[in-house]
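Please read the structure below before turning to the comments.
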Amino acid sequence: MAASGIVFVLFVLVHMYGNLKAFSGEVAFNEYAHHLRIFGEPMLPENGLLWIIRIVLLVSLVAHVGSAVALMRRARAQRPVKYQVKRNNASSLSSRTMRWGGLTLFVFLIWHLLNFTIVKINPAGDQSADITENPYRLMVSSFDLWWMTLIYLVAMLALGFHLHHGTYSALQTLGWVNSASARAKAKIAGWVIAIVIAGGFSLVPLAVLFGVID
Amino acid sequence: MNLTLKIWRQASSSAPGGIHTYQLGGVSEDMSFLEMLDLLNEELVTKGEEPVAFDSDCREGICGMCSLMINGQAHGPEVTTTCQLHMRSFKDGDTITIEPWRASTFPVIKDLIVDRSAFDRIIQSGGYISANTGSAPEANSVPAPRDKAMHAFNAATCIGCGACVAACPNGSASLFMGAKITHLGDLPQGQPERYSRVVGMVAQHDHEGFGGCTNIGECTAACPKGIPLDVISQLNKDLRTAMVHGF
Amino acid sequence: MADTTTYYPGLEPTNEPSVQTSDDAAGYYTLGDKLVDPKAPTGQIEQRWTTRKFENRLVNPANRRKLDIIIVGTGLAGGAAAATLGEAGYNVKSFCYQDSPRRAHSIAAQGGINASKNYKSDGDSDYRLFYDTVKGGDFRARESNVYRLAEVSTNIIDQCVAQGVPFAREYGGLLDNRSFGGVLVSRTFYARGQTGQQLLLGAYQAMERQVAAGTVEAFTRHEMLDLILVDGRARGIVARNMVTGEIETHLADVVVLATGGYGNVFYLSTNAMGSNVMAAWRAHRKGAYMANPCYTQIHPTCIPVTGAHQSKLTLMSESLRNDGRVWVPKKAEDCDKDPRDIPVEDRDYFLERMYPSYGNLVTRDIASRAAKYMCDDGRGVGPQVEEKQKDGTTTLMRRGVYLDLADAIARLGRDKVEEKYDNLLDMYQRITGEDPYQVPMRIYPAVHYVMGGLWVDYELQSNITGLFVTGEANFSDHGANRLGASALMQGLADGYFVLPNTIADYLADGPFEKLDDSHPAVQEALTSVTERVDQLMSINGERSVESIHKELGHIMWEYCGMERTKEGLTEAIGLIRELKKEFWTNVKVLGSADSLNQDLEKANRVADFIELGELMCIDALNRRESCGGHFRGESQTEDGEALRHDDEFAYVAAWEWGGEDGSPVLHKEDLIYTATKMKARSYK
Ligand SMILES: Cc1cc2nc3c(=O)[nH]c(=O)nc-3n(C[C@H](O)[C@H](O)[C@H](O)COP(=O)(O)OP(=O)(O)OC[C@H]3O[C@@H](n4cnc5c(N)ncnc54)[C@H](O)[C@@H]3O)c2cc1C
Ligand code: HEM
Ligand code: HEM
Ligand code: SF4
Ligand code: F3S
Ligand code: FES
């Protein structure tokens, strides 16, 4: 769980950094997308790196969702009779919503991939080659729609929550939080990563919506 | 003061249970929570109703026998055991809901009493140092650094009450387990079995059906002995080392 | 060492057997034969145990698997024995009434455990520990047993450290010691205020390891209700499965009782709610002698009772008396005032006044009695609690005295005081709701420990063949009073080192004839238990078990508590006999016998407490002397101090059950010292 989670964290960090290239304009962004594909050539075939990443991500996803489901099953089986009253004293909302947050992210991911990678649906309606071959344009035209932006923002909220607890949790699961001060630091790390990544991602759709990027 | 008590009653592990409501007057704030229940039971006996069954023994906060989920909090609103909780934490007119620990690894035996023998089985699978009687070396031949010894002691104060499991949304016993692993793993005497211990205990924990820890942290907040989350991290660390070294 | 060598007068007795001339309990008992410990060792005291260990027979490891041992109790005494005998390869069945062996009441011990390691080089030795313990017990213990205890004390510490017991350590990483219980050497090992807990967890873990290994089988939530005797030998127990209500029989080659103390006969005590005398009492009714039942230890610094609802009392470590000053108001009308508003000249620092040299540090029994006198005098403090008077009326009394830390806080600073007593003061605040840093604490004496118990010989075997008794349940090592930090020592000495050796000698004759449930003796025990349970369930009277227990406790505390007199004890015996009738005709036990039924559990226990209470009063009545925890009003010096009568009472009073309507039979075992000499206690 922690390993796959950390793969995700690293991926979204890089991915977010890439997305921010949108602020440097169409050319820079597309070049980055292109670089991603030819990286490592000729040692790797075209799209080599990308495929390596994809495979790692896919394996992680299977592992991550697999363990999430296993954990959930065990938790369910442990408490067949619910408490009439149950109060939570110490836990963060994010820690208690990991499963919902994860599910949201999962659904989002499917939509996201349909949107940008696999089918390249352009909800704005334009399916010209210009769009499908130009990630920047696809992105901009998508986020010009308010509801697309909304979907993404909601997803980013879920991501922020998931990362807030997930980062701390992964450090704890890996056994690196053996004192009160280490715990305080791990919790801060959770906040920082959550805000930076969710915030970083959100900048692009917001910028498009408000016309900073077009 | 006068209270409304909503108490889970269940005749046996197989019988269905439910909440019964009782009115209780004449409660003084100097009473402990369990003495308040004693009072209720005296009234019930007088009326010819069967008293509410609940566990307690030392009533000093050390044996770990008492339990109770009080208004959704394990051991009630203070950081202490149910037996050390006093009625001054409540006020006249309060409604108090009292339930047993909920976990299928802790099946209800009757009313508020649950079976926690799974904890004993976790200890059986590694929660000890093998030192046959009579074979011990002179006590001072192996010094233990004072801070390590104190750290070990803090973890060793776990009373095995099960509040951590009761409070954890996953029903995980990681805090209980981590406390023992940290206690023994911090001491020089505990080193030889350090990694086989964690592997054995975790395997039994999972086999019993306790949930996995997702680091939610309700356990430590409910723990009457304030066992910190460090012990779970320590457990994970030892487990990771054990796996790497193929224990 | 100079002064101790004078206590080595070779093997010549230093005292004569006593001859009792008084007979206060005449009519309440019959006098039986004198009792001699058939296993008493001989020779130089330092050699006795070593010689015995060597002489005792061993059991071939291959045979051990075929030998079954029942151990009732999982405290220090029982848990340690189960672990050790399991390791040795015997087949052990362990019983406790709690849901886990780890919860035995040993867990509550706070202060520490003694051992003559002499790590502080302050002149400690086995002999000194032995001498302090015998003297602390007011010369009413057997010297051979006590010496052995001192001798194995050091092994206990080694064993516990090897198990991972986290004792307090010094900066260099070596074990720390403190001084405890008014002795001059630092020999007490401790784990903050939770020594009993840590020692018990060590024994528990060792025992659970054997459960995993298959040598020990643990029966939790099982309560022993009777002993099974076959041809005069203890061969098993009848126990109730407290979850299903089933009455089960368990058979073995030997039975060990390690069932703890019976302080709960007083209803209020520092013992656990479930602590009981049932196992010991059932054995007593089957012929085992009960020795010195009246010896109870009352601890001066407990949190006072706040009302009739009180279910148990909580101990505050005695160490508080090092820094606190004990006082009550001089004038009764000041008793309900805020103590901070009472000027110093209106306060009576009674311990300092009465015992100028020892002041607040006088021994437990003296401090306890003085506090009681102040409250009897109407100058107690704290909430008023209803009390039944001798004439049957009830009055309101305040039962508490102040233990004031104000001077200590002013002298040492709050930080220092906090550092020393933080946990304790927190606990006090939680229970009373008062802040001890602001308002003086209130304390009052409470029953804490019983020195009496089943009679055993040097090998811990009772007078019933095949029945061994260890820990607080036996009478063995503390005489009339127990020194602080020595009960834990005894429990572990018995469990780890003494019993495993002596029981082997007994089992060397085994395995005994195989038995099964169809044996008439087994059936008879089973039937009698079933009948008793049925009877309890069918009385269906008016009174709750709890109310009868409270009443018994009140009688015991009033007449057989801190100060005992002939008149009071005689009265108490009458009251207890009436209460016994009341119980068996008017008790109400609800629910059913074939499921978990806490009312029934309690009823079983209280029935035996009532009978025990009567015997305690008879024993106290007979012993017309003050010694250790037993203070007879008739036997005191001019300034109110305990007066011992070695000429009359230097014996162990071992009582034999005299039948349902008969009177108990007293067997006296003379106490003869060779390695030390009896001396009077003095606080001048
Ligand atoms: C508050 C407190 C503080 C103390 N502090 C100290 C201290 O600092 N130092 C010191 O040396 N001593 C101290 N003592 C005394 C000491 O703790 C006890 O004397 C000692 O632990 C007794 O151990 P034990 O093994 O004999 O019995 P216990 O630990 O009492 O165990 C009794 C066992 O018998 C079982 N049992 C009882 N009856 C039955 C039955 N009918 N059927 C089945 N099982 C049964 C119980 O389940 C339990 O397992 C203290 C005592 C108290 C109460
Ligand atoms: C695909 C959908 C996802 C689901 C169903 C999901 C579900 C979960 C669940 C149930 C947990 C367990 C809670 C815990 O251990 O604290 C978890 C943990 C975690 N998740 Fe996810 N998650 C998903 C996607 C992601 C993504 C995209 C990331 C990162 C960007 C991520 C990062 C983490 C991290 C770091 C942890 C903590 C791991 C640990 O504690 O060991 N997850 N996830
Ligand atoms: C506002 C936020 C986001 C934007 C604008 C965005 C944009 C994009 C774009 C444009 C691509 C296509 C890149 C290309 O084809 O070269 C892409 C691919 C991808 N994105 Fe995002 N993304 C966002 C958030 C996320 C999040 C939160 C996740 C994961 C939880 C994610 C996971 C992926 C994945 C897995 C791919 C496919 C990579 C591949 O080709 O294998 N994205 N994203
Ligand atoms: S860790 Fe805390 S809550 Fe859990 S069993 Fe131990 S003392 Fe109880
Ligand atoms: S609440 Fe449960 S999830 Fe882990 S941190 Fe505590 S065991
Ligand atoms: S009854 Fe022992 S901890 Fe509460």
Side-chain angles (χ1 to χ4, degrees), chain A residues 1-3 5-6 64 66-102 162 164-187 189-190, chain B residues 6 8 10 16-19 69-74 77 79 95-106 108 151 165-173 182 206 208-223 228-241:
Chain A
M1 188 105 248
I6 285 189
H64 200 76
S67 17
V69 169
L71 278 170
M72 194 160 72
R73 284 225 176 118
R74 279 168 68 186
R76 281 254 178 90
Q78 247 304 52
R79 197 149 291 152
V81 184
K82 298 269 168 298
Y83 287 113
Q84 309 273 326
V85 183
K86 174 74 168 80
R87 242 181 252 176
N88 293 303
N89 291 327
S91 49
S92 57
L93 182 62
S94 59
S95 71
R96 280 177 272 122
T97 50
M98 287 302 271
R99 278 156 210 158
W100 289 111
H162 204 78
H164 169 246
H165 180 68
T167 306
Y168 155 73
S169 177
L171 294 172
Q172 172 88 356
T173 304
L174 289 170
W176 290 328
V177 196
N178 297 326
S179 66
S181 61
R183 189 158 45 252
K185 282 183 205 140
K187 292 214 156 149
Chain B
K6 297 177 135 185
W8 182 269
Q10 182 172 340
I19 293 280
M69 203 69 177
I70 300 166
N71 282 342
Q73 288 169 291
V79 181
T95 297
I96 307 176
T97 307
I98 307 169
E99 296 173 77
W101 290 164
R102 292 275 182 226
S104 20
T105 45
F106 288 170
V108 173
H151 197 254
V165 176
C168 172
N170 294 315
S172 172
T182 305
D206 293 356
E208 292 285 342
F210 287 99
C213 174
T214 59
N215 306 309
I216 292 179
E218 283 299 334
C219 51
T220 186
C223 174
L229 289 176
D230 313 6
V231 302
I232 298 184
S233 188
Q234 187 66 49
L235 181 162
N236 289 328
K237 187 176 176 188
D238 284 5
L239 186 62
R240 189 177 35 134
T241 314

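Every chain is numbered from 1, with letters handed out A, B, ... down the list of sequences.
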**OP:** Count the heavy-atom pairs under 4.5 Å between each of A:Ser67, A:Ala182, A:Ala90, A:Ala180 and chain B, then report the option with the highest count.
**Re:** A:Ala90
Subject >> Main-chain N/O of A:Gly175 paired with B:Gln234 side-chain donor or acceptor, under 3.5 Å >> reply: no
**OP:** Return yes if some donor-acceptor pair links the side-chain N/O of A:Gln78 with the main-chain N/O of B:Thr105 below 3.5 Å, else return no.
**Re:** yes
**OP:** Could you tell me which non-hydrogen atom of A:Leu71 sits nearest to which non-hydrogen atom of B:Gly212, and how far apart they are?
**Re:** CD2-CA, 3.6 Å
Original post:
If you look at every heavy atom in A:Arg99 and B:Thr214, which pair is closest and at what distance?
Top reply: NH2-CG2, 3.9 Å
**OP:** Calculate, to the nearest 0.5 Å, the distance between atoms CE and CD belonging to B:Met69 and A:Gln84 respectively.
**Re:** 12.0 Å
Original post:
Quick one: what part of A:Ala70 sits under 4.5 Å from any heavy atom of chain B, side chain, backbone, both or neither?
Top reply: neither
**OP:** Using atom types as modelled and distance alone, determine if a side-chain donor or acceptor of A:Arg74 lies under 3.5 Å from a backbone N or O of B:Asn170.
**Re:** no
**OP:** Identify which part of B:Cys168 has an atom lying under 4.5 Å from any heavy atom of chain A, answering side chain, backbone, both or neither.
**Re:** backbone
**OP:** First locate atom CD of B:Gln73, then atom CZ of A:Arg87, and finally report the distance between them rounded to the nearest 0.5 Å.
**Re:** 5.0 Å
Original post:
Can any side-chain N or O of A:Lys86 pair as donor or acceptor with the backbone N or O of B:Ala167 at less than 3.5 Å?
Top reply: yes
Subject >> Heavy-atom proximity to chain A below 4.5 Å, by part of B:Asp238 >> reply: neither
Original post:
Within the side chain of B:Asn236, is there an N or O that forms a donor-acceptor pair under 3.5 Å with the backbone of A:Gln172?
Top reply: yes
**OP:** For the pair B:Glu99 (side chain) and A:Val85 (backbone), establish whether a donor and an acceptor sit closer than 3.5 Å, ignoring hydrogens and angles.
**Re:** yes
**OP:** May I ask you to decide if B:Ala166's main-chain N or O and A:Tyr83's side chain share a donor-acceptor pair within less than 3.5 Å?
**Re:** yes
**OP:** For each of B:Leu239, B:Thr241, B:Asp206, B:Ile70, tally heavy-atom pairs with chain A at distances under 4.5 Å, and name the one with the top tally.
**Re:** B:Asp206
Original post:
So which part of B:Phe210 gets closer than 4.5 Å to some heavy atom of chain A, the side chain, the backbone, both or neither?
Top reply: both
Subject >> Region of B:Leu235 that comes under 4.5 Å of a non-hydrogen atom in chain A >> reply: neither
Original post:
Is a side-chain donor or acceptor of A:Ser169 paired with a backbone partner of B:Asn215 at a separation under 3.5 angstrom?
Top reply: no
Subject >> Part of B:Val165 within contact of chain A (heavy atom distance under 4.5 Å) >> reply: both
Original post:
Side chain, backbone, both or neither: which part of B:Arg102 has an atom under 4.5 Å from a heavy atom of chain A?
Top reply: both
**OP:** Supply the atom-to-atom distance B:Leu229 CG to A:Ser179 OG, rounded to the nearest 0.5 angstrom.
**Re:** 12.0 Å
